[in-house]
Amino acid sequence: AQTVTQSQPEMSVQEAETVTLSCTYDTSESDYYLFWYKQPPSRQMILVIRQEAYKQQNATENRFSVNFQKAAKSFSLKISDSQLGDAAMYFCAYRSARRSGGGADGLTFGKGTHLIIQP
Amino acid sequence: GAVVSQHPSWVICKSGTSVKIECRSLDFQATTMFWYRQFPKQSLMLMATSNEGSKATYEQGVEKDKFLINHASLTLSTLTVTSAHPEDSSFYICSASPAGISSWQYFGPGTRLTVT
């Protein structure tokens, strides 16, 4: 079974600064997807960024970028120019790329990191 | 695009009764839908996976007779919590994968269940 570990229960950063959230995972599969989701107080899950394991290039979405180290099974999220609206719970998630039973697989989530933005 | 809705957003029921939660994909057809549970200040845990027209696949430790899942159409999945107990109180979130694009999942806004 796959596991996802987020070792930082809480992180704090000054507005406009850069912060990096850590995520490691364990899998025996070679093809999979990794995600970072943001969950604000509304509890709506918002996709921040997505990485396909077969792609060596790190994914970027505006101020959000990842450092994907496949051999080390590490998938950290860097948030540049932090904004007050970035404050939320951030979850790292794993999904197998296989299609079992004709359908997709569900996500395995880490325990989350609570990100606080200091004005 | 890619909007998933859940109904109700919050429900309170008495212990021993059953409650049904609906998950709908509003602007796409969903081959696969997923149900997650999130306890306060915890992460999301996958409960079950449902493919349209077939029986749901439950994760280890999830009672299939207690959490009935039906995925009768490509836009609707329902989760029925039968004989609910206070320990079933939680936040239930569904997600849906579009037909032909199984690598993407879109999440609903969640349903808060409180069993008294």
Side-chain angles (χ1 to χ4, degrees), chain A residues 1-10 21 23 25 29 31-55 59 61 88-116, chain B residues 2-6 9-10 23 29-62 69 71 74 77 90-113:
Chain A
Q2 294 79 25
T3 59
V4 177
T5 302
Q6 293 179 251
S7 58
Q8 306 153 318
E10 187 173 280
L21 308 184
C23 173
Y25 58 95
E29 298 176 333
D31 198 13
Y32 48 86
Y33 304 95
L34 295 165
F35 306 85
W36 278 98
Y37 280 92
K38 170 184 177 181
Q39 189 180 44
S42 68
R43 304 187 81 170
Q44 171 73 57
M45 297 294 285
I46 301 167
L47 177 64
V48 174
I49 203 161
R50 174 176 180 267
Q51 176 81 42
E52 295 165 39
Y54 69 86
K55 290 186 177 179
E61 284 290 339
M89 282 293 293
Y90 285 80
F91 292 100
C92 179
Y94 171 103
R95 215 217 85 191
S96 173
R98 71 167 185 262
R99 296 192 62 185
S100 55
D105 275 6
L107 297 171
T108 300
F109 286 90
K111 291 190 174 183
T113 297
H114 181 210
L115 179 62
I116 298 168
Chain B
V3 178
V4 176
S5 70
Q6 280 185 244
S9 57
W10 191 6
C23 175
Q29 293 187 324
T31 313
T32 308
M33 286 184 167
F34 305 90
W35 288 95
Y36 298 84
R37 181 167 53 185
Q38 185 178 30
F39 290 110
K41 299 189 184 302
Q42 293 189 23
S43 186
L44 284 75
M45 296 293 293
L46 179 66
M47 298 175 66
T49 301
S50 71
N51 291 299
E52 187 265 339
S54 60
K55 289 185 178 181
T57 302
Y58 291 82
E59 295 300 302
Q60 195 171 9
V62 177
I69 292 171
H71 190 167
L74 286 172
S77 177
S90 187
F91 194 66
Y92 292 88
I93 306 174
C94 75
S95 70
S97 281
I101 317 176
S102 63
S103 62
W104 290 92
Q105 286 189 29
Y106 299 97
F107 282 84
T111 296
R112 184 191 299 182
L113 170 63

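Remember, predicted model here, so these are calculated numbers, not experimental data. Here is how names work: the chains are called A, B, and so on, in the same order as the sequence lines, proteins then strands, and each is numbered from 1.
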Does the side chain to side chain contact (heavy atoms under 4.5 Å, CB included) test come out yes or no for B/Glu52 and B/Thr31, once each step is laid out?
CA-CA 6 Å; B/Glu52 187 265 339; B/Thr31 313; 5.6 Å; no
Is any side-chain heavy atom of B/Ser43 closer than 4.5 Å to a side-chain heavy atom of A/Phe91?
yes
Do B/Ser77 and B/Ile69 come close enough that some side-chain heavy atom pair is under 4.5 Å?
yes
Write out, in numerical order, the residues from residues 33-41 of chain A with a heavy atom short of 4.5 Å from a heavy atom in chain B.
A/Tyr33, A/Phe35, A/Tyr37, A/Gln39
Between B/Lys41, B/Arg112, B/Gln38, which residue shows the highest count of heavy-atom pairs closer than 4.5 Å to chain A?
B/Gln38
B/Gln6 side chain to B/Tyr92 backbone, donor-acceptor under 3.5 Å:
yes
Name the orientation class of the two ring planes belonging to B/Tyr36 and B/Phe34 (parallel below 30°, tilted from 30 to 60°, perpendicular beyond 60°).
tilted
Structural part of B/Glu59 lying under 4.5 Å from a heavy atom of chain A
neither
What's the shortest heavy-atom distance between A/Ile49 and A/Glu61, and which atoms?
CD1-N, 3.8 Å
Most chain B-contacting option - heavy-atom pairs closer than 4.5 Å, from A/Lys111, A/Met89, A/His114, A/Arg43:
A/Arg43
Answer whether the closest heavy-atom distance between the side chains of B/Val62 and B/Trp35 falls below 4.5 Å.
no
Taking all non-hydrogen atoms of both residues, which atom of B/Tyr58 and which atom of B/Ala48 are closest, and how far apart?
CD2-CB, 3.8 Å
Please classify the contact of A/Ile46 with chain B as side chain, backbone, both or neither, using a heavy-atom distance under 4.5 Å.
neither
